[in-house]
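Before any comments, here is the structure.
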Amino acid sequence: MADASPSPDDTEEAAGLRKIIHVDMDAFFASVEQRDNPELQGKPVAVGGSGGRGVVAAASYEARRFGVKSAMPSVTAKRLCPDLIFVRHRFDAYKEASRQIRAIFEHHTPHVEPLSLDEAFLDVTEDRLGIGSATRIAELIRQEIRAKTRLTASAGVSYNKFLAKLASDQNKPDGVCVIRPGQGADFVAALPIRRFHGVGPKAEQKMKRLGIETGADLAAKDIEFLRANFGSFADYLYRAARGIDLRPVRAHRQRKSVGGERTFSDDISSGAQLRETLDNIVDIVWERVENAKARGRTVTLKMKFTDFQLMTRAKSVTHWVEDKTEFARLGRELLEEALPLPMPIRLMGLTLSNLDHGKDEPERPADSAQLSLL
Ligand SMILES: [Mg+2]
C-alpha cells in the first residue's frame with residue numbers, strides 16, 4: 001500500500017509553473033456603503049436587516065472588531081456591538097463595482113474565474129500586457145481598483161489556487177502576500193486547519209479529535225489514514241497539506257441565453273398594455289445582449305398566467321438577430337400570435353438564445369427574413 005499516495009504527474013508539473021492571483025475585495029458590501037455615505041465612514045456598519053429574523057450580509061472592519069461577522073443573526077450582532085449601524089443592501093451598487101473590477105481583471109488576462117461578486121482567481125501565467133511578474137500585476141490591479149472604484153482589494157499571489165486564496169487572506173485589508181514556488185509547504189505547515197479551504201467546523205472538530213491542528217499535523221498523516229477518515233476529501237487534503245493544488249482557473253462559463261422578465265403587481269391582459277410591457281423588456285434585454293457581446297438566433301417569449309400556467313413561444317432565424325429593431329419585431333410577432341390571451345398574465349419574459357460569443361460569422365442567407373417556428 002506504500003505507493004497508494006497521489007503521485008506527481010505531468011499536469012502537476014505544469015500546475016507548478018502557473019502564476020495565479022486571487023483578488024478579494026475588503027468587506028465589499030459594507031465598504032461600498034461607507035464609500036457612498038460619508039456618515040458611515042469609520043463606523044461599525046452591517047449590511048442587512050436589523051429586525052428579528054435579520055442576518056448580517058457583510059460587516060465593516062470597525063464592526064468586525066466587536067466580533068460581528070457575515071451570516072450572524074442581526075440580534076447577536078447588535079448585542080456584540082450596540083452602536084452597530086444597519087443599512088439595507090443595494091445590489092445594483094455592488095454589481096456595478098463588480099462589473100468595474102471584472103473589467104480590470106480582463107484587461108490583464110482572459111483567464112478569470114469569479115467566485116462571487118467581489119472575489120476571483122486570475123491565471124496570469126501569460127498576461128495580456130506582457131508584464132510577466134504576477135506580483136507586479138497584482139499591485140497594478142489593486143491600484144486600478146482603488147482608482148476606479150475608491151475601494152480596496154487584497155491579493156494573494158502564488159503558483160496555484162489553493163495557495164493564492166490563502167495568501168489573499170493573509171494581509172487583509174488592503175494587503176498583498178506572495179507565496180513563491182518552494183514556500184508553499186512551509187506556509188501551509190504553520191496554518192491552523194480551519195484556514196484550509198473546504199474544512200468547515202465539522203471537519204475541523206473531527207481533525208482535532210484525531211490530533212490534527214495544523215497543516216504540519218495533516219502532512220504527517222499518510223494517505224490511507226486520510227482516506228479511512230475523510231473518504232473522497234482525502235486526496236485534496238493530502239495535496240493541500242503539501243501546498244499542491246492541480247485545479248486550473250476556469251474562466252466563467254459562457255451563458256446559454258440572455259433575457260429578462262417582469263412580474264406585475266396587477267395582472268395585465270389588454271393588448272396595449274402587453275405591447276408596452278414587451279417594448280420595455282426589449283429595451284432591458286437588448287442592453288444586456290450588447291453588454292454580453294452576444295449574438296443569437298432564437299427569441300423566446302414567456303408568459304405566466306394568473307393560474308400560474310406557463311406559455312412559451314419561440315422563433316429562430318437562420319442568421320444572427322441583427323439589431324434591437326429585429327429583436328423587437330420577433331418578440332412582437334410572438335406576442336401577436338398568442339393574442340387574444342385566454343386570461344390575464346402575471347409575468348412576461350423575453351430571451352435571446354442559441355448564442356455565439358464572437359467567433360465565426362455564419363454565411364448570411366439570401367432570404368434573411370426566412371423564419372422557422374420552433
Ligand atoms: Mg471579500
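Just so you know, ligand 1 is whichever comes first in the structure, and atom 1 is the first atom listed for that ligand. By convention here, the first residue in the shown sequence is residue 1.
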Nearest to the Mg ion (ligand 1) - the N/O/S atom of D118, by atom name:
OD2
For the pair Y236 and F233, name the ring-plane relationship: parallel under 30°, tilted 30 to 60°, perpendicular over 60°.
parallel
Candidates V87, L117, V45, D118 - the one meeting side chain to side chain contact (heavy atoms under 4.5 Å, CB included) with F29:
L117
Apex the Mg ion (ligand 1); atoms D24 OD1 and M25 O; angle rounded to 10 degrees:
90°
E287/K324 ion pair, N-O < 4.0 Å
no
Any N/O/S atom, side chain or main chain, of E119 closer to the Mg ion (ligand 1) than 2.8 Å?
no
SB check E119 K165 (cutoff 4.0 Å)
yes
